[in-house]
2 protein chains.
Amino acid sequence: MKNAIQELRKQRRMTQEELADLCSVTRQTIISLENGRYNPSILLAHKIAKIFGLTIEQIFFFEEE
Amino acid sequence: MKNAIQELRKQRRMTQEELADLCSVTRQTIISLENGRYNPSILLAHKIAKIFGLTIEQIFFFEEE
DNA sequence: ATTCAATGTCAAGGGTACTTTACGCGGTGC
DNA sequence: GCACCGCGTAAAGTACCCTTGACATTGAAT
């Protein structure tokens, strides 16, 4: 599952740490998400979507399975 | 986190087992989701949304935190 | 009365999301 | 040269999603 987190974060001139603080997770978690190491929980996905003012579907890309 | 799974499933006259099969998960997983025992992964949330033809946000209700 | 479908509970186990801590590395600025 | 910022890696631990399997309950149909 890919996502647009890094792109959206940079558009908003945010560091990984700032985004992590807004989400109440660690910087490691943001790094791992941006680098596609794992999928977020639905709660974290929702927090991120809320921060960016978008829906989950607009940020996370579920390829055909 | 609450959700509308049971309501949507019943509207469509589906059993828990049928929905579980469509999602490729076990019946236990559907029971636990419907009864609010835990939150789905984002992948499962997406599968369910796709089956019902809705978005994740239309099915899962993230209360203010 | 018995059977069967649909729903539910309980417990144990594996995989993974997320944390914490520590360290490396390139770029920029003094 | 040195300090610092932003980004990255690695390893170990905790919590939780999801599975498997076995069994209980309720309601409808025969």
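Naming: A, B, ... by sequence-line order, numbering from 1 per chain.
The closest donor-acceptor contact from the side chain of B/K2 to the backbone of B/F61 lies at 3.5 Å or more, if one exists at all. The closest donor-acceptor contact from the side chain of A/R12 to the backbone of A/F52 lies under 3.5 Å. Using modelled atom types, one side-chain atom of A/Q58 and one backbone atom of A/T55 make a donor-acceptor pair closer than 3.5 Å. A donor-acceptor contact shorter than 3.5 Å links the side chain of A/N3 to the backbone of A/L33.
The shortest distance between side-chain heavy atoms of B/N39 and B/F62 does not fall below 4.5 Å.
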Practice item. Scan nucleotides 10-24 of chain C nucleotide by nucleotide, 5' to 3', and note B when protein non-hydrogen atoms come under 4.0 Å of the base, S if they reach only the sugar-phosphate, - if neither. Key: B------SBBBBB--
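Every residue two or more places apart in sequence or in another chain was checked for a side-chain contact (heavy atoms from CB on, under 4.5 Å) with A/R13, and none qualifies.
There is no side-chain donor-acceptor pair under 3.5 Å between B/S32 and B/T29.
Salt-bridge annotation for A/R9 and A/E18: absent, with no side-chain N of the basic residue lying under 4.0 Å from a carboxylate O of the acidic one.
Remark: P of D/dG6 and CD1 of A/I31 are 13 Å apart, rounded to the nearest angstrom.
For the contact set between residues 4-21 of chain A and DNA chain D, defined by any heavy atom under 4.0 Å, the members are A/R9, A/T15, A/Q16.
Taking side-chain N and O atoms only, A/N35 has no distance below 4.0 Å to OP1 or OP2 of D/dC7.
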